[in-house]
Amino acid sequence: MRMQEGRAALVLTGGGARAAYQVGVLSAIRELRGASPGNPFPILCGTSAGAINAAALASHAVDFNRAVRHIERIWRNLHAEQVYRVDAPALLGSGIHWGSALFGGWLLRQTPRSLLDNAPLRGLLERALDFRAIDQAIKSGALYALSVTASGYSSGQSLAFFQGSLDIHPWRREQRMGVRTELTIEHLMASSALPFVFPAVRIHREWFGDGSMRQLAPVSPAIHLGAERILVVGAGRTAEEGRQRAERYPSPAQIAGHALSSIFLDTLAVDLERLARINDTVSRLEPAQRQFAGIGLRAIETLVIQPSQRLDTIAGRHGHQLPRLLRMVLRGLGTMRREGSTLLSYLLFEPGFTRTLIELGYDDAMARKSELSDFLRIG
């Protein structure tokens, strides 16, 4: 049975280049809606690369179909050099810097900031996004709120920076906060700063990194912002491989990929499980019973779309598309091996990979056409 209308939220998770999958899902939604006007998701929440996609939607909230076409055009033609520097001076300089820090840091007192320089990403965002349009969309009613999550390196807190309607109040929970602000490129750069891979970003008095770190409740910002229906689009793997005999010591890439997967994927699964339990509890109580017992919970309609195929396996088939020098560097870390392809999938900003993920996202969404149509109140 269809639940009440309610305000809908779109939650886009992190995952570097994997976020191209979200674009395919958005493309399917655009097709299902046809020429319907308006924005189907007045609440937009994003983390890491998902924050960039959410901000792009927010900046074009008055025309959802146009926003999706704009995002898809960028992702379909994206190259690694538009996200991080792949030239010889940058890559060799990074290697020398890290080597010097490891072997002579005690003398030179220098600390390397990151493995890769993502300055090109800043330039891309400056060209592609109009942050003034976000405030205009909020004032016009096309957008209710946009949140971008980042993780504070000093406080250890997960901060959901949000810009939205004036009736939204900041919140504070254990190790997580909602902070009202005017969102800028700095927030997106901070939210998408993969640990060790990209440099942290300073916002006010603290340095921030990728929002997926220590994000214990990825769906929470949408609920605090007033969502009653939530569509979550993930970019994770669907199943783990069974235990196998390992003859070779795990490479740095394999270990890094495992760590990133834990950051990006595991907390979402736990949070969705928690939300399902709350919904089940609420459904067993009448409104009068909840009021009498002082239970302030409400049922949240939730739909989750995640890849039907392993994205690291797909990445392994497209790794050769990266620039030659970058491939050499990544090969030294074990990234180009099968067991290192998880790390590769986060860095593979190349058309062959992103277009494949867009098609997969579209197919996965259309395979659930009935559920999506019901969620979007189509028909």
Side-chain angles (χ1 to χ4, degrees), residues 5-13 19 22-23 25-75 122 124-150 159-171 178-192 203 211 219-233 375-378:
E5 192 70 18
R7 188 176 281 130
L10 176 65
V11 175
L12 300 176
T13 64
Q22 300 167 355
V23 181
V25 176
L26 293 172
S27 180
I29 292 173
R30 181 193 55 163
E31 184 174 315
L32 290 174
R33 295 183 72 247
S36 299
N39 173 24
F41 303 106
I43 297 175
L44 295 166
C45 302
T47 302
S48 193
I52 295 175
N53 285 340
L57 288 173
S59 66
H60 294 85
V62 294
D63 190 340
F64 178 79
N65 290 350
R66 179 186 176 190
V68 174
R69 287 194 297 268
H70 175 67
I71 298 170
E72 184 172 358
R73 183 168 58 251
I74 292 175
W75 275 99
R122 181 182 292 273
L124 175 63
L125 295 179
E126 288 175 346
R127 295 188 299 272
L129 298 179
D130 180 4
F131 284 88
R132 294 171 300 178
I134 296 175
D135 185 57
Q136 294 169 4
I138 293 171
K139 290 179 179 178
S140 71
L143 180 69
Y144 186 66
L146 166 67
S147 80
V148 171
T149 301
L159 266 64
F161 296 100
F162 71 88
Q163 184 173 345
S165 177
L166 294 178
D167 61 345
I168 301 174
H169 300 289
W171 64 89
V179 180
R180 178 182 291 276
T181 190
E182 182 175 341
L183 293 169
T184 66
I185 286 180
E186 301 304 317
H187 296 93
L188 297 184
M189 295 296 291
S191 182
S192 59
I203 300 177
V219 182
S220 173
I223 297 175
H224 282 289
L225 293 172
E228 296 179 44
R229 296 183 287 133
I230 302 177
L231 172 62
V232 181
V233 183
F375 181 92
L376 296 168
R377 309 302 192 244
I378 297 175

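In what follows, residues are counted from 1 in the order of the sequence shown. In what follows, every heavy atom counts, from backbone to side chain, and hydrogens, waters and symmetry copies are set aside.
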Checklist line | For Arg122, salt bridge (charged side-chain N to carboxylate O under 4.0 Å, His left out) partners two or more places apart | finding: Glu186
Note to self: By the salt bridge (Lys or Arg N to Asp or Glu O under 4.0 Å) test, which pairs, at least two apart or in different chains, include something from residues 132-147?
What the structure shows: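 Only Asp130-Arg132, Asp135-Lys139 qualify under salt bridge (Lys or Arg N to Asp or Glu O under 4.0 Å).
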Next item on the list: Enumerate the residue pairs fulfilling salt bridge (Lys or Arg N to Asp or Glu O under 4.0 Å) with a member in residues 46-74, sequence neighbours excluded, ordered by first and then second residue.
Entry: Glu72-Arg76
Measure the [atom1]-[atom2] distance between [X] and [Y] for me, rounded to the nearest 0.5 Å.
X      : Y      : atom1 : atom2 : answer
Ser36  : Asn65  : OG    : CG    : 8.0 Å
Met189 : Ile203 : CE    : CD1   : 11.0 Å
Ser165 : Arg180 : OG    : CZ    : 7.5 Å
Leu26  : Leu57  : CG    : CG    : 5.5 Å
Ser147 : Ile43  : OG    : CD1   : 9.0 Å

So do [Y] and [X] actually touch side chain to side chain, heavy atoms under 4.5 Å?
X      : Y      : answer
Val219 : Val232 : yes
Asn53  : Val233 : no
Trp171 : Pro221 : yes
Ile29  : Leu231 : yes
Ile185 : Leu129 : no
Ile230 : Ile223 : yes

Minimum heavy-atom separation for [X] to [Y], with atom names?
X      : Y      : result
Cys45  : Leu225 : SG-CD1, 3.9 Å
Gly38  : Arg33  : O-NH2, 3.4 Å
Leu12  : Ala54  : CD1-N, 3.8 Å
Ala58  : Ala137 : O-CB, 4.0 Å
Val148 : Ser191 : CG1-CB, 3.6 Å
Gln22  : Gly50  : OE1-CA, 3.7 Å

Notebook entry, point to check: Which residue pairs pass the ring pair (Phe, Tyr, Trp, His ring centres under 6.0 Å) test with at least one member in residues 33-68, sequence neighbours excluded?
Noted result: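 Residue pairs passing ring pair (Phe, Tyr, Trp, His ring centres under 6.0 Å), neighbours aside: His60-His70.
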Checklist line | side chain to side chain contact (heavy atoms under 4.5 Å, CB included) partner of Tyr144, the single match among Leu44, Ile138, Ile168 | finding: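 Answer to the side chain to side chain contact (heavy atoms under 4.5 Å, CB included) test with Tyr144 among Leu44, Ile138, Ile168: Ile168.
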Check: Excluding sequence neighbours, so at least two apart, what forms side chain to side chain donor-acceptor pair (under 3.5 Å) with Gln163?
Finding: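 Not a single residue meets the side chain to side chain donor-acceptor pair (under 3.5 Å) criterion with Gln163.
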Item checked: side chain to side chain donor-acceptor pair (under 3.5 Å) partners of Glu182, counting only residues at least two apart -> none
Next item on the list: Look only at the side chain of Asn39 and the backbone of Leu143, and say whether a donor-acceptor pair between them is shorter than 3.5 Å.
Entry: no
